[in-house]
Structure formats: structure tokens, C-alpha cells
2 protein chains.
Amino acid sequence: MLSKRAKYAIKTILFLHENQRHTPISAKVISEAEKIPYKFLENILRDLKSHQIVKSLRGAEGGYSLAKEPSQISVSQIMRAIDGPIALIPCVSEKFYEPCLECTDEETCRIRKLFGILRNEMVSILDKSITDLASL
Amino acid sequence: MLSKRAKYAIKTILFLHENQRHTPISAKVISEAEKIPYKFLENILRDLKSHQIVKSLRGAEGGYSLAKEPSQISVSQIMRAIDGPIALIPCVSEKFYEPCLECTDEETCRIRKLFGILRNEMVSILDKSITDLASL
DNA sequence: TAATTACCCTATCAATTTTATAGGGTAATA
DNA sequence: TATTACCCTATAAAATTGATAGGGTAATTA
């Protein structure tokens with residue numbers, strides 16, 4: 001299941017996308033509009049910023065804005081930044097690969113192929129950009 | 001991520017499948033062969049049985065066996081029996097539908113469609129039976 | 001029918017993850 | 001220089017996950 005953090009993150013990005021202006025949008029505004037606890041949101045924004053999905057500007061009239069073209073921001077990027085791997089088992093993850101502890105041999109693992117296929121299919125869907133969401 | 005319980009469950013089913021005999025296989029044998037803590041396995045087997053994926057026979061020489069044809073047992077069935085929904089958000093789950101608490105209107109929800117498509121695609125892959133696994 | 005083997009049920013628990021809160025510090029702008 | 005907003009660390013309640021414990025019940029074999 002998607003974590004609440006990831007859901008909040010996606011909502012935040014969509015909010016920034018739908019309310020793009022010349023000036024950035026403050027965390028407080030996002031927090032109230034999307035009903036995300038303020039301090040929790042700050043923490044999420046920090047992750048989104050460190051992954052170059054949003055950028056920030058300090059000071060009065062400061063706030064957050066998207067760090068790149070909306071068409072270049074995918075749902076998978078957001079999910080990875082917040083929750084980590086898309087894959088359901090670590091040994092088929094591309095960006096967060098880890099061997100399965102209890103698995104002695106990946107070649108002969110009976111479930112690895114299926115979950116590899118699953119991962120690829122999930123990624124191909126989640127790679128859609130946030131501008132694509134409207135036209136599904 | 002797949003829970004350890006679900007991984008154990010899949011391994012259990014595959015073990016039963018690969019070691020089909022006329023007599024059932026005891027939990028103890030499965031536990032040792034697949035390195036699953038005995039009492040933990042008992043608990044998993046209970047769920048698998050209540051979902052009619054395995055059946056059991058009591059007494060000396062008793063144990064577990066598959067409750068139906070291997071070709072009729074899918075990975076998705078096992079996952080649902082153990083972990084619940086396949087979908088990443090509850091409002092697009094078919095077997096475990098629940099409204100998203102923070103979502104006021106499913107029709108206008110900006111992420112619902114994408115995760116609905118994702119769910120369908122995941123299910124279509126996970127619906128493969130345990131006999132299909134070998135030929136991927 | 002007694003001993004054995006294996007399934008069944010409930011309770012408990014430690015570890016981890018998730019969700020959230022608190023408080024103060026730093027940088028930039030009006 | 002006051003204000004606004006971002007930055008950082010610590011803490012903690014709640015939920016989930018993974019596992020253990022112990023005894024009870026049913027069925028088979030000798």
C-alpha cells in the first residue's frame with residue numbers, strides 16, 4: 001500500500017502544478033489546502049527537494065515550486081523519493097536493489113521472474129508524468 | 001513490499017506443489033525445508049486453509065496438501081489471503097474496497113485512475129498460476 | 001485404548017515502521 | 001529590523017510486522 005507520506009507528496013506536487021504562478025507557494029498554503037499537518041509536510045518537502053523534484057526560495061514571499069517541467073515529473077519519481085522501491089521484492093528493484101536475505105540463489109529463485117515482470121509493468125505505468133494524469 | 005508472511009506462504013505452496021505425493025506433508029517438514037519458524041508457519045497455514053488454498057489431514061501421517069489443482073492456484077490468491085489487497089490505494093481495490101479517508105470525491109480524485117490502471121495490470125500478472133512460474 | 005503425531009487457538013511480545021509533534025535555528029526579504 | 005519561511009534534530013504515540021509460548025483437540029497407528 002502507498003504510504004500516507006507518499007500520498008501527501010503526490011498531492012503536494014499536483015497542487016504546485018495546478019497553482020503555478022510567478023511566485024513560489026508557501027508550505028503553509030499547501031498544508032491548509034491539502035490538509036497536511038504542517039510539520040509533517042515540511043519533512044516531506046525536504047525529501048522532495050533533495051531529490052530535485054521541487055525547489056525552494058527563502059524569505060518573505062518565499063515558498064516552493066516545481067524544480068522541472070511538469071511533463072518531466074513522474075509519479076514513480078515521487079514514490080521513489082518518499083517510499084523507496086516500486087518493486088515488491090528488493091532483489092528485482094532497479095534503483096534500490098538488495099539481495100533477498102533468505103534467498104540463496106537468485107537464478108533458481110522460483111518467484112523472482114514473476115516479480116521482475118511485475119516490477120517492469122508497474123514502472124511503465126507509474127512513469128507517466130503528472131501532466132498525463134488528466135488525460136487518463 | 002511483499003511481507004515475509006506472504007513470501008513464506010508462496011514458498012509453502014510451491015513446496016507442496018513440487019513435493020506432491022499420496023500422503024500429506026507435515027508442517028514440520030515444510031518448516032525445516034523452507035526455513036520458516038514452525039509456529040509462524042502454523043499461523044500462515046491456517047490462513048491458507050481458511051481460504052481453501054490448502055487442505056489438511058489430522059493425526060499421525062497427517063499434514064497439508066493443495067486444496068485444488070495447481071493450475072487453479074494463482075499468486076494473487078495467495079497474496080490476498082495473507083496480505084490483503086493487491087491495489088496500492090484501497091479505493092481501487094476490487095476484493096478489499098474501502099474509500100480513502102482523506103478523499104472527498106472519487107470521481108475527481110487526481111490519482112485514482114492511474115492507480116486503478118496499475119491495479120488491473122498488477123492483477124493480470126499476479127493471476128498467473130503456480131504452474132506458470134516455471135515457464136517464465 | 002494408549003501413545004503419538006499433527007492440527008487448532010489465544011495470548012503475548014519485541015522490533016520496526018509509520019505518522020505526527022515540538023522547538024528552536026538560520027536565511028532572506030519587505 | 002521585524003517578519004516570514006525554510007532547515008534541522010529529537011522525540012513519541014500508534015500501528016504493523018515478525019516471532020514465540022503454551023496448551024488444547026482431533027485422528028491415526030500400534
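Protein chains get the first letters and strands the later ones, always in sequence-line order, with residue 1 at the start of each. What you see is a predicted model, and the numbers here were worked out from it, not measured in a lab.
Considering CD of B/Glu34 and CD1 of B/Ile10, their distance stands at 11.5 Å, rounded to 0.5 Å.
In this structure a side-chain-to-backbone donor-acceptor pair under 3.5 Å is present from B/Ser31 to B/Ile36. A donor-acceptor contact shorter than 3.5 Å is absent between the side chain of B/Arg110 and the backbone of A/Leu133. The backbone N or O of A/Ile44 lies less than 3.5 Å from no partner atom in the side chain of A/Asp47, so there is not a single donor-acceptor pair. The main-chain N or O of A/Ile117 is never found under 3.5 Å from a side-chain atom of A/Asn120 such that the two would form a donor-acceptor pair.
A/Tyr8 has a side-chain polar atom (N or O) that falls below the 4.0 Å cut-off from OP1 or OP2 of C/dA20. Between A/Lys28 and the phosphate of D/dC6, there is no side-chain N or O to OP1/OP2 separation shorter than 4.0 Å. Contact between the side-chain N/O atoms of A/Ser56 and the OP1/OP2 oxygens of D/dC7 is found at a separation under 4.0 Å. Between B/Ser50 and C/dC8 there is no side-chain polar atom (N or O) within less than 4.0 angstrom of OP1 or OP2. Dashed line: the shortest gap from a side-chain N or O of A/Tyr64 to OP1 or OP2 of D/dC7 is under 4.0 Å. Between B/Lys49 and C/dC8 there is a side-chain polar atom (N or O) within less than 4.0 angstrom of OP1 or OP2.
Note on B/Phe15: it clusters hydrophobically with B/Ile13, by side-chain heavy-atom contacts below 4.5 Å among ILVMFWY residues.
Between A/Lys4 and B/Ser26, it is B/Ser26 whose nearest contact on DNA chain C lies nearer the 5' terminus. Nearer to the 5' terminus of DNA chain C, by closest-nucleotide assignment, is the contact made by B/Tyr38 (compared with the other of B/Arg46 and B/Tyr38).
In A/Glu61, the CD atom is not crowded: 12 or fewer heavy atoms of neighbouring residues, nucleotides or ligands sit closer than 6.0 Å. Heavy atoms from other residues, nucleotides or ligands lying under 6.0 Å from NZ of B/Lys68 number more than 12.
Taken residue by residue, residues 77-86 of chain A places no heavy atom nearer than 4.0 Å to DNA chain C.
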At under 4.0 Å between heavy atoms, which parts of nucleotides 21-30 of chain D does protein reach? Answer with one letter per nucleotide, 5' to 3': B base, S sugar-phosphate only, - none. BBB--SBS--
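Distance, A/Met1 CE to C/dT19 C1': 17 Å, rounded to whole Å.
With sequence neighbours excluded, the residues satisfying side chain to side chain contact (heavy atoms under 4.5 Å, CB included) with B/Glu42 are B/Tyr38, B/Lys39.
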